[in-house]
Amino acid sequence: MKIPLLDLTRKYRAIESELRAQWEETFSSMRLLNGPQLAEFEREFARYCGVKHAIGVASGTDAIQLSLRALGISQGDEVILAAHAPAPVIEPIFSVGAMPVLVEKAKGDYGPDLKSLKAAITPRTRAIMPVHMLGLPCDMEPIVKIAAEKNIAVVEDSSQAQGATYQGKRAAGLGVITPMSLGPVKNLACYGDGGVVLTNDDRLAVAVRLFRVHGQSEKYNHKIHGWNSRLDEIQAAVLRVKLPTLDQDNAKRREIAARYGEAFKNLPLRIPPTFPDRASVYHQYAVETPEREPLKKFLNGKGIGTGIYYPLCLHHHEAWRSQGLPAYSLPEAERYARENLALPVFAELRDDEVDTIIAAVREYFSVRD
Ligand SMILES: Cc1ncc(COP(=O)(O)O)c(C=O)c1O
């Protein structure tokens, strides 16, 4: 592939010497878990996000699971989420014994359709889980309002939106708790599995801190049934090296997205939605077209990498049928799954590569008939 969808080696080369110095410090001290890198990262990232607590955990999937457990969500409870989302968001709901309830995707937005969301609330609903898909924050104000009226928690999955803003605030702490993946392909990414839970709620923070170390309040004194979920020192060091340039990297992604938006505006495809009070960080830049497959083939044939986020809605995976997930019909979410195609948008993409991608997309639409 001449222009990959994502090239992680470019960023690595840019920060290699700084990383090695940090790793050297960690390796020479042999403080590998729960050490100073983690403590500093948690402090720095909480400040960056404007929330009181950041608690490093082993992955985004764990971040969701521990958030649900901290809220006391368990057997018999329901958690509402939009049907077009990555698989790891639904697994933890089943893991805590609760039932996911899927709702329609909003038209012209990536978040849940509000009418469908309201209709899905039952006396068993304990949480709504808006997922900030592809870097675009969901429209949180009405979601938080609906949840508050019914005394339901908002668990805001910000795994794809590090640094994004909604009404001037970071997409973290907009709900009661924010699980976030920091896995290798995220805008803020470590070099392995990693995640973080953000919250302004002291009680929830205490619970997540206990869960991640087997429920131990002190060594060999287990207060609650916990789990092993730690963001290790090597990964925390990577995140600390990358955090200072996150805004700059996100600005570069926005710049590329703006160029695509301008270049594609007269083409027969949909470009990602934009809103004046939301700043997307373009974790992915996905166009929408019924011609997704031929366009993908054409671009790949020219050496341009593409991605599909995601090809199946949550109710179309075999995995959860046996666990009782109904066979929903959600036409807008299903259309999006059929039509989305992501183009390269990473911060290290060169201008000439963006030119090549734009020219190739235009060429497809000019020669296809
Ligand atoms: C929105 C969302 N939530 C949760 C996860 C799970 O994160 P992890 O892979 O770190 O477990 C992902 C991973 O891609 C994700 O995109």
Side-chain angles (χ1 to χ4, degrees), residues 5-6 8 41 45 54-69 79-96 100 102 105 109-112 127-138 140 143 154-164 166 171-172 174-175 177-198 208 211-212 227-232 234-236 238-239 242 253 272 280-286 307-314 317 319-320 333 336-337 340 342 345-346:
L5 180 65
L6 173 64
L8 293 177
F41 170 68
F45 197 51
I55 306 134
V57 294
S59 70
T61 310
D62 269 9
I64 300 172
Q65 193 194 137
L66 300 191
S67 298
L68 297 176
R69 286 185 61 187
V79 177
I80 300 176
L81 70 163
H84 185 263
V89 301
I90 199 171
E91 279 182 322
I93 302 173
F94 283 116
S95 300
V96 300
L102 303 184
K105 170 190 167 297
D109 200 349
Y110 295 151
I128 299 172
M129 196 154 80
V131 179
H132 301 320
M133 293 288 293
L134 312 191
L136 178 69
C138 296
M140 292 297 285
I143 296 173
V154 175
V155 179
E156 172 201 19
D157 184 334
S158 202
S159 298
Q160 303 190 358
Q162 294 92 3
Y166 176 80
L174 299 173
I177 197 161
T178 307
M180 187 187 274
S181 169
L182 299 166
V185 303
K186 299 298 186 291
N187 290 38
L188 179 67
C190 53
Y191 289 149
D193 278 321
V196 66
V197 176
L198 299 139
V208 174
F211 284 138
R212 72 172 172 179
W227 197 244
N228 174 18
S229 188
R230 293 175 291 206
L231 180 66
D232 69 60
I234 301 300
Q235 302 306 340
V238 176
L239 295 162
K242 287 181 167 186
R253 286 173 183 263
S280 171
V281 288
Y282 293 96
H283 173 57
Q284 299 293 346
Y285 183 96
I308 298 177
Y309 298 96
Y310 296 86
L312 290 181
C313 288
L314 293 170
H317 294 273
W320 303 297
Y336 187 82
N340 79 83
V345 75
F346 57 99

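Ligands are counted one by one from 1 in listed order, and the atoms in each one are counted from 1 as well. Please read these numbers as outputs of a predicted model, since none were measured by experiment.
Residue-ligand proximity, P86 to ligand 1, at heavy-atom distances under 4.0 Å covers atoms 1 (C), 2 (C), 15 (C), 16 (O). Atoms of ligand 1 lying under 4.0 Å from at least one heavy atom of Q160, given by number and element, are 1 (C), 16 (O). Taking a cut-off of under 4.0 Å to the non-hydrogen atoms of S59, the atoms of ligand 1 that pass are 10 (O), 11 (O). Using a 4.0 Å cut-off to heavy atoms of D157, the atoms of ligand 1 that qualify are 1 (C), 2 (C), 3 (N), 4 (C). Listed by number with element, the atoms of ligand 1 under 4.0 angstrom from any heavy atom of V131 are 1 (C).
Listed for the N187 side chain is a donor-acceptor partner under 3.5 Å among the backbone atoms of V281. Between the side chain of R212 and the backbone N or O of V57 there is no donor-acceptor pair closer than 3.5 Å.
Nearest protein heavy-atom neighbour of atom 11 (O) of ligand 1: T61 OG1, 2.5 Å. In terms of protein heavy-atom proximity, atom 9 (O) of ligand 1 is nearest to S181 OG, 4.1 Å. Closest protein heavy atom to atom 5 (C) of ligand 1: P88 CB, 3.7 Å. For atom 14 (O) of ligand 1, the nearest non-hydrogen atom of the protein is K186 NZ, 2.9 Å.
On a distance-only criterion, S159 and ligand 1 share at least one N/O pair closer than 3.5 Å. Residue-to-ligand polar distances place G60 within reach of ligand 1: an N/O pair is separated by less than 3.5 Å.
Counting heavy atoms from C-beta on, the side chains of D157 and V155 never come closer than 4.5 Å. Between W320 and E91, some side-chain heavy-atom pair lies under the 4.5 Å cut-off. Contact check for M180 versus F45: side-chain heavy atoms found under the 4.5 Å cut-off. Between L239 and V196 there is no side-chain heavy-atom pair separated by less than 4.5 Å. The side-chain heavy atoms of M133 and P86, taken from C-beta on, include a pair separated by under 4.5 Å.
For the side chain to side chain contact (heavy atoms under 4.5 Å, CB included) test with H132, the passing option among M140, H283, Q162 is M140; the others fail.
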